[in-house]
Amino acid sequence: QVHLVESGGGSVQAGGSLRLSCTVTVNRFSINSMGWYRQAPGKQRDLVARITNDGITNYQESVKGRFTISRDVAKNTLNLQMNSLKVEDTAVYYCNADGFNIPSIHDNRPRQENYWGQGTQVTVSP
């Protein structure tokens, strides 16, 4: 099982910066990759950035060069540094973890699982 809690959202003016953090707690679970997604009102939830355990990253085209995803395994955190923010970046940002459960005597079936945090609001004003 995985518990994810986002923080760091807020309101900034266009051109400003924010740093989002996601605390990660894991129980009998192995994470393969983590990512940040965002959802604006009336819109679909879209990928912002993902990072694998090998450090391979991928970004939504609109944030390339402005956002940086990173993971600090020792501190159990996933981060998203957001620079040069635009009004279009306004959305609720969600932390995501993907992986598989570690079988035990209580649960002997390995399976892929996906977890989400509660989200944190980012608002960028003109």
Side-chain angles (χ1 to χ4, degrees):
Q1 297 181 4
V2 178
H3 186 219
L4 308 172
V5 180
E6 301 96 334
S7 63
S11 298
V12 297
Q13 289 186 307
S17 299
L18 283 174
R19 184 176 178 85
L20 305 183
S21 294
C22 173
T23 59
V24 185
T25 57
V26 179
N27 182 30
R28 304 293 296 179
F29 192 87
S30 180
I31 294 174
N32 290 332
S33 66
M34 298 193 69
W36 288 96
Y37 292 71
R38 66 186 181 186
Q39 185 170 19
K43 302 293 185 179
Q44 295 181 341
R45 185 175 299 184
D46 296 324
L47 169 72
V48 177
R50 290 199 70 85
I51 183 168
T52 71
N53 287 356
D54 294 328
I56 300 174
T57 60
N58 63 287
Y59 295 88
Q60 181 186 117
E61 191 68 28
S62 65
V63 308
K64 287 183 177 179
R66 300 188 298 120
F67 292 8
T68 302
I69 188 172
S70 62
R71 183 182 176 190
D72 189 333
V73 177
K75 293 184 178 296
N76 299 313
T77 60
L78 177 75
N79 302 300
L80 183 69
Q81 179 65 47
M82 305 186 295
N83 299 325
S84 302
L85 283 162
K86 304 176 180 179
V87 174
E88 306 93 272
D89 295 319
T90 296
V92 177
Y93 284 69
Y94 296 90
C95 179
N96 173 264
D98 182 78
F100 60 92
N101 70 305
I102 300 175
S104 69
I105 192 170
H106 304 290
D107 184 4
N108 62 359
R109 293 183 178 274
R111 58 186 179 274
Q112 183 177 3
E113 296 181 344
N114 193 63
Y115 291 88
W116 295 93
Q118 82 287 351
T120 184
Q121 177 70 47
V122 172
T123 302
V124 184
S125 61

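Predicted model only: the values in this text are computed from it and were never measured.
To the nearest 0.5 Å, atoms CG (D54) and OG1 (T52) are separated by 4.5 Å. The CH2 atom of W116 sits 11.0 Å away from the SG atom of C22 when rounded to the nearest 0.5 Å. In this structure, F29 CZ and F100 CZ are separated by 8.0 Å, a value rounded to the nearest 0.5 Å.
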- Item | L4 and L78: CA distance, side-chain angles, deciding distance, side chain to side chain contact (heavy atoms under 4.5 Å, CB included) verdict | CA-CA 10 Å; L4 308 172; L78 177 75; over 6 Å; no
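Within 6.0 Å of CD in Q118 there are more than 12 heavy atoms belonging to other residues, nucleotides or ligands.
Using a 4.5 Å heavy-atom cutoff, the side chains of M82 and W36 are not in contact. By the 4.5 Å heavy-atom criterion applied to side chains, M34 and V24 are counted as neighbours. Residues Y59 and I51 have side chains not in contact (no heavy-atom distance under 4.5 Å, counting atoms from C-beta outward). Y93 has its side chain within reach of R38: a pair of non-hydrogen atoms, C-beta onward, lies under 4.5 Å apart. A heavy-atom distance below 4.5 Å is found between the side chains of R50 and N96.
Put simply, the side chain of Q60 gets close to the backbone of L47: a donor and an acceptor are under 3.5 Å apart. A distance-only check finds no donor-acceptor pair linking the side chain of D98 to the backbone of I31 [under 3.5 Å]. Between the side chain of R28 and the main chain of P103, a donor-acceptor pair closer than 3.5 Å is present. Under a 3.5 Å cut-off, the side chain of N101 and the backbone N or O of R109 do form a donor-acceptor pair. Of the possible polar contacts, one joining the D89 side chain to the K86 backbone as a donor-acceptor pair under 3.5 Å is found. In this structure, the side chain of E6 engages the main chain of G119 through a donor-acceptor pair within 3.5 Å.
Here E61 pairs with K64 under the side-chain hydrogen bond (donor to acceptor under 3.5 Å, both in side chains) rule; sequence neighbours left out. Legend: residues meeting side-chain hydrogen bond (donor to acceptor under 3.5 Å, both in side chains) with Q121, ordered by chain and number and at least two apart, are T123.
Test T77, T57, N53 against R71 for side chain to side chain donor-acceptor pair (under 3.5 Å) and you get one pass: N53.
Nearest heavy atoms, N83 versus S17: OD1-OG, 2.9 Å. Residues A40 and A91 come closest through the heavy atom pair N-CB, 3.8 Å. Looking at every heavy atom in both residues, V87 comes nearest to S125 through CG2-C, 4.0 Å.
Hydrophobic clustering, with ILVMFWY side chains joined whenever heavy atoms are under 4.5 angstrom apart, groups L20 together with Y115. L80 and Y94 fall into different hydrophobic clusters, defined by Ile, Leu, Val, Met, Phe, Trp and Tyr side-chain heavy atoms under 4.5 Å apart, directly or through other members.
Between the side chains of N79 and Q81, no donor-acceptor pair of N or O atoms lies under 3.5 Å. Between the side chains of S84 and R66, no donor-acceptor pair is found at a separation under 3.5 Å. For the residue pair Q39 / Y37, no side-chain donor-acceptor distance below 3.5 Å is found, with atom types taken as modelled.
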